[in-house]
Amino acid sequence: MTVSAWSQPRVAIVTGGGSGIGAAVSRRLAADGAAVAVLDLNDEWATATATAIEADGGSAIAITCDVADRTSIQSGVDETVQGLGRPTILINNAGITPFGRFLEISRESFDQVMAVNLRGTFEFCQVVIPHMIEEGWGRIVNISSSSAQTGNFGHTHYSASKAAVIGLTRSLAKEFGHKGITVNVVPPSFIETPSLHRAADDGQLGSGIDQHIPTTPVRRVGQPADIAAACAFLCRDDASYITGQVLGVNGGRVIV
Ligand code: NAP
C-alpha cells in the first residue's frame, strides 16, 4: 500500500527552482502531488522547470522573483496565491556561492551574499508563514550548506550566511511548532549542479569534481534528486514530529 504524502492538496513554493537542486525539488514535490510555484531570478529556467512538471502531468507555474527584494517576494507569493492557492510548503533554496579570500571580500559582496542567502530566506518565511497559520499547517525546508558546519576555504561570507540559516531555522521551529508548522534545514555537500560545475571550472575544487569521489564515503557525487528526496520527506504529513532539525545530505562527507 502506498501512503500519499498529504491528506489534502498542497501548494509549494520553491525558490531558485529554475536550476540544480531547486529544479529537482520542484519536480519531486510535484510528482508527490503538490502544485508547485517555481520561483527564480531566471524567468526562462523557471518556465523550463514548470513546463517539465506539466509535461509529466503535474501542476506548476513559473514566477520571476528576486529573493533579495522584499517587493518581489511579496508579489511572488501573491501570484502563487492567485494562481494555485495558499502556499503551505516553502523551500528556501535560492542561493549564491561566490568565492573570495577573506581579506579581499568587499562589503558589497558580503551584503549581496547576506541579502540572497539569509535575508531572502528570512523574508520569505515572514511573507509565507501567515498563510500557513491561516491553514493550520506548514512545512518549511531551508537549504543551508555543509560549509556552515565545517567552514570552507574562500567561503567566509557564504559559510556565515548559511550558518545563520541554521539558527534562523531552529528559532522558527520553536516559535511556530504549536501552529502545525515545521521548519527544518538541509545542508547539502557536493551536489552536481551548474553551480558546482562553475566552481570546478573556476578552479575552486582542486583538479575537479571526480577527484573528490574517493574521499566521499558513499563513493559518488551527490545529485539534486538526493536533496529533493530529503526535502520531500520533511514536507510529508507524517514528518510532523520533526522540526528544528539539521538533515545533512552529503554522502557521509560531513558527520556531526
Ligand atoms: P544553482 O544551480 O546555481 O541554482 C540556484 C538557482 O537560484 C539559480 O537558478 C539562480 O538563478 C537562482 N537564484 C540566485 N539568486 C537568486 C535570487 N536573488 N532570487 C531568486 N533566485 C535566485 O545552484 P545549486 O547548486 O542548485 O544550489 C541551490 C542551493 O543549494 C543554494 O542555496 C546553494 O548555496 C545550496 N548548496 C548547494 C551545494 C552544491 O553542492 N550544489 C552545496 C551546498 C549548498 P541565476 O543562475 O540566474 O543566478
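The analysis underlying the following values was restricted to heavy atoms, covering all of them including side chains, and did not include hydrogens, waters or symmetry mates. Not measured: the values here are computed from a predicted model. First listed ligand is number 1; within each ligand, the first listed atom is number 1. Index from 1, following the sequence.
- Under the 4.0 Å criterion applied to side-chain N and carboxylate O atoms, D111 and R119 are not assigned as salt-bridge partners.
- Among residues two or more places apart in sequence or in another chain, the side chain to side chain donor-acceptor pair (under 3.5 Å) test is passed with S161 by N117.
- Taking the six-membered ring where the residue is Trp, H212 and F190 present tilted rings, their angle falling between 30° and 60°.
- Applying the salt bridge (Lys or Arg N to Asp or Glu O under 4.0 Å) test to residues at least two apart or on different chains, the pairs with a partner in residues 21-38 are R28-D32.
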Identify the protein atoms, limited to N or O, that lie within less than 3.5 Å of an N or O atom of ligand 1, and list each pair with its distance to 0.1 Å.
from, atom 1, to, atom 2, distance (Å)
ligand 1, 2 (O), S19, OG, 2.7
ligand 1, 3 (O), R198, NH2, 3.0
ligand 1, 9 (O), D40, OD1, 3.2
ligand 1, 9 (O), D40, OD2, 2.7
ligand 1, 11 (O), D40, OD1, 3.2
ligand 1, 18 (N), D66, OD1, 2.9
ligand 1, 19 (N), C65, O, 3.4
ligand 1, 19 (N), V67, N, 3.0
ligand 1, 21 (N), L41, N, 3.3
ligand 1, 25 (O), T193, OG1, 2.5
ligand 1, 26 (O), I21, N, 2.9
ligand 1, 32 (O), N93, O, 2.7
ligand 1, 32 (O), K162, NZ, 2.8
ligand 1, 34 (O), Y158, OH, 2.7
ligand 1, 34 (O), K162, NZ, 3.3
ligand 1, 40 (O), F190, N, 3.4
ligand 1, 40 (O), I191, N, 2.7
ligand 1, 40 (O), I191, O, 3.4
ligand 1, 41 (N), I191, O, 3.1
ligand 1, 41 (N), T193, OG1, 3.2

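- Not counting sequence neighbours, the partners of T182 by the side chain to side chain contact (heavy atoms under 4.5 Å, CB included) test are R139, N184, T243.
- Atom CZ of F99 is surrounded by more than 12 heavy atoms from other residues, nucleotides or ligands within 6.0 Å.
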